[in-house]
Amino acid sequence: MTGLITGSRVRLRPAAAPDAARFEEILSHPEVARWWADAEEPVAAQVSYLLDPDEGTTTYAIEHDDTVVGIELAFEEADPQYRHAGIDIAVHPDFQGRGLGSDAIRTLAEHLFTVRGHHRLVIDPAAGNEAAIRLYRSLGFRPVGTMRSYERGPDGSWHDGLLMDLLVDDLVPAAALAGS
């Protein structure tokens, strides 16, 4: 999965080596690190993975007005019996609350549905990340269940995750959100 994907407010482009410093800045910000940090892996190693992810994963730089404001990943499961895609996202706090994350998720979701042919997407925020969960619900994601002791936090302790999914017909149209 390559190429530029344009939303109504953001542009998603495949991540490249020049994004490393900005990605490190985003992931190191305390408001992002509390959800993304890995107690055993330094931020530089996380950025290295983002720039050279596993097969089936694509990392995008989220751009708004020619500024990288966030990071978005798409994970694709190719097994025909379980075919689906997953999304993960981190937006720098200076750009949160402006609808950019919402546009980035919708843009990638539409691409995964219409271009890549997926019928179902998943996302797995920390169960305590209420702002993210609220955003994902507003786009049509539905809770599937709590994954207990799912993810290790920056302090090394385990915390729960919330598995959410979105079927192609569940995606809330942008016009519906604009009116709310």
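Keep in mind that what you see is a predicted model, and the values were worked out from it rather than measured.
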Could you walk me through whether Asp88 and Trp36 pass the side-chain contact (heavy atoms from CB on, under 4.5 Å) check?
-> CA-CA 10 Å; Asp88 209 348; Trp36 271 71; 3.7 Å; yes

Might you work through the side-chain contact (heavy atoms from CB on, under 4.5 Å) test for Arg13 and Asp19, ending with a clear yes or no?
-> CA-CA 11 Å; Arg13 64 162 175 74; Asp19 295 315; 2.6 Å; yes

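A donor and an acceptor atom, one from each side chain of Ser157 and Asp155, are located under 3.5 Å apart. In this model, a donor atom of one side chain and an acceptor atom of the other lie less than 3.5 Å apart for Ser8 and Asp103.
Shortest non-hydrogen contact noted between Tyr60 and Ala74 is CE1-CB, 4.5 Å. Taking every heavy atom of both residues into account, Met147 and Leu162 meet most closely at CE-C, 4.1 Å.
Between Thr107 and Leu12 there is a side-chain heavy-atom pair separated by less than 4.5 Å. Leu112 is listed as a side-chain neighbour of Ile87, based on a closest heavy-atom distance under 4.5 Å. A 4.5 Å side-chain heavy-atom check between Leu51 and Thr59 finds every atom pair outside the cut-off.
Judged by distance alone, with hydrogens and angles left aside, the side-chain atoms of Asp65 form no donor-acceptor pair with the main-chain N or O of Thr67 at under 3.5 Å. A distance-only check finds no donor-acceptor pair linking the side chain of Asp165 to the backbone of Leu121 [under 3.5 Å].
Within a 6.0 Å radius of CZ in Arg142, other residues, nucleotides and ligands contribute 12 heavy atoms or fewer.
For the atom pair His84 NE2 and His118 NE2, the distance stands at 8.5 Å (nearest 0.5 Å). Here the CZ-CD1 distance, from Arg11 to Ile5, works out to 12.0 Å after rounding to the nearest 0.5 Å.
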